[in-house]
Amino acid sequence: MPSIFKQCDLSENADLSGFDCGVDDLNDFIQNDALKNQNDLVSVTKLLYLDAVLVGYFTITLGAIQKERIALTDKVDRYPYRVYPAIKLARLAVDKRYQKHGFGSELLYRFMIEAMNIVKIGSGRFISVDARADAVGFYEKFGFVPALIKGNREIVPLYLDISRYYKSE
C-alpha cells in the first residue's frame, strides 16, 4: 500500500460528506453516530485518508465472547469465567470508489495494530466481529472463524484468537 495514507481519529472537523460505502447502515453510522459514540466513550473510530480523500474507517469497542461460542481448540484450559475478553471490530467500511483494491485489508491491518496495542495495556484474548453475510469470506481470509451458534443469520459472528499472533515484550 502507498505510504501516502494518513490515519487519524474521528473528530468534529472530519469531512465525511462524500463518503459512501454502498451500505446505508455503515454510511449512517459514520455520518450520525460514530462521533457521539466516541464522545460517550462507547467506541473509537479511526479514519483512513488517501491524499485528502476519506477511503474508509473502522470502529473499535471492547466486548466479550461467550465461552460456548469458541471452538474447543481455541479455549483456554481451566479458564473459570463464562466469557472471554474481546476487542470488537464494530465497523469497517471502504468508500465505493476504493473497494476491491486492497483498502479493506489495509483497514483491517491497521485495526489489528490498534487491537494489539490494547492487549498490551489491558486484555483481550479474541477479536470479534459481527460480519454481514456478504463479508464473511473477507474475514475468513485473515483467519477469522464463525462463532459456534445455531441457525442462519444475515449477520455472522466471527472471532479470531489473538494469541496466535500476539508476542509479549
Side-chain angles (χ1 to χ4, degrees), residues 7-11 21-48 56-94 99 103-169:
Q7 178 179 315
C8 61
D9 293 341
L10 176 63
S11 71
C21 69
V23 178
D24 291 340
D25 288 345
L26 294 172
N27 290 335
D28 182 63
F29 175 79
I30 193 65
Q31 295 286 337
N32 301 308
D33 298 326
L35 187 58
K36 181 183 182 323
N37 286 359
Q38 189 166 287
N39 290 339
D40 290 342
L41 305 177
V42 175
S43 62
V44 173
T45 297
K46 305 286 186 175
L47 307 175
L48 187 66
Y57 73 91
F58 62 87
T59 302
I60 305 167
T61 192
L62 300 180
I65 187 165
Q66 296 172 348
K67 202 172 178 178
E68 68 264 10
R69 289 187 164 196
I70 301 296
L72 186 59
T73 55
D74 292 328
K75 291 186 179 181
V76 178
D77 291 339
R78 295 178 297 281
Y79 184 74
Y81 305 105
R82 294 180 325 181
V83 297
Y84 290 107
I87 300 158
K88 186 167 191 153
L89 175 57
R91 306 280 192 297
L92 186 147
V94 176
Q99 292 176 3
F103 294 103
S105 299
E106 179 70 17
L107 283 164
L108 184 58
Y109 171 75
R110 288 168 179 262
F111 165 81
M112 294 295 288
I113 290 170
E114 298 287 342
M116 293 304 175
N117 287 331
I118 292 168
V119 170
K120 286 179 186 178
I121 60 171
S123 67
R125 172 67 184 232
F126 297 96
I127 290 175
S128 66
V129 61
D130 293 334
R132 292 168 32 95
D134 61 351
V136 170
F138 169 78
Y139 291 107
E140 288 178 333
K141 287 189 307 188
F142 297 96
F144 284 81
V145 295
L148 304 176
I149 59 168
K150 296 179 182 173
N152 287 336
R153 304 171 92 178
E154 288 181 29
I155 302 298
V156 180
L158 303 170
Y159 73 90
L160 178 70
D161 184 350
I162 295 175
S163 70
R164 296 179 184 167
Y165 307 97
Y166 181 76
K167 301 212 183 327
S168 61
E169 295 175 11

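Below, each value reflects all heavy atoms present in this structure, side chains not excepted, and no hydrogens, waters or symmetry copies.
Applying the salt bridge (Lys or Arg N to Asp or Glu O under 4.0 Å) test to every pair with at least one member in residues 78-90, sequence neighbours left out, gives these pairs: K88-D130. Sorted by first and then second residue, the side-chain hydrogen bond (donor to acceptor under 3.5 Å, both in side chains) pairs involving residues 135-144 (not counting sequence neighbours) form an empty list. Pairs passing the salt bridge (Lys or Arg N to Asp or Glu O under 4.0 Å) check and including a residue from residues 23-38, sequence neighbours excluded, read K36-D40.
For the atom pair CD1 (I162) and CE (M116), the distance works out to 5.0 Å, reported to the nearest 0.5 Å. Distance check: L35 CG to L10 CG gives 5.0 Å after rounding to the nearest 0.5 Å. Here the CG-CG distance, from N32 to N37, works out to 11.0 Å after rounding to the nearest 0.5 Å. Annotation: the span from C21 atom SG to Q99 atom CD amounts to 7.0 Å, rounded to 0.5 Å. Here Y57 contributes atom OH and I30 contributes atom CD1; the two are 5.0 Å apart, rounded to the nearest 0.5 Å. Once rounded to the nearest 0.5 Å, the distance linking CZ of F144 with CZ of F138 reads 8.5 Å.
Residues that satisfy the ring-ring contact (aromatic ring centres under 6.0 Å, His included) test with F29, not counting sequence neighbours, are absent from this structure. The side-chain hydrogen bond (donor to acceptor under 3.5 Å, both in side chains) search around S43 returns none, not counting sequence neighbours. Listed by chain and number, the residues in a side chain to side chain contact (heavy atoms under 4.5 Å, CB included) with A71 are T73, D74, Y159 (sequence neighbours excluded). Remark: L41 engages no residue in a side chain to side chain contact (heavy atoms under 4.5 Å, CB included) (not counting sequence neighbours). With sequence neighbours excluded, the residues that form a side-chain hydrogen bond (donor to acceptor under 3.5 Å, both in side chains) with N27 are D20. With sequence neighbours excluded, the residues that form a side chain to side chain contact (heavy atoms under 4.5 Å, CB included) with Q7 are K46, L48, F58, R110, E114. By the ring-ring contact (aromatic ring centres under 6.0 Å, His included) test, Y84 pairs with Y79, F126, sequence neighbours left out. Listed by chain and number, the residues in a side chain to side chain contact (heavy atoms under 4.5 Å, CB included) with R125 are V76, D161, S163 (sequence neighbours excluded). Contacts of T59 classified as side-chain hydrogen bond (donor to acceptor under 3.5 Å, both in side chains), with partners at least two apart in sequence or in another chain: T45.
Between A131 and V136 the shortest heavy-atom distance is CB-CG2, 4.2 Å. Closest of all the heavy-atom pairs between V156 and A133 is CG2-CA, 4.4 Å. Pairing each heavy atom of A90 with each of T61, the nearest pair is CB-CG2, 4.1 Å. What you find for K75 and I70 is that their closest heavy atoms are CE-O, 3.0 Å. Counting all heavy atoms, side chain and backbone alike, L47 lies closest to D9 at CD1-O, 4.4 Å. Closest approach of A93 to L26, counting heavy atoms only: CB-CD1, 4.0 Å.
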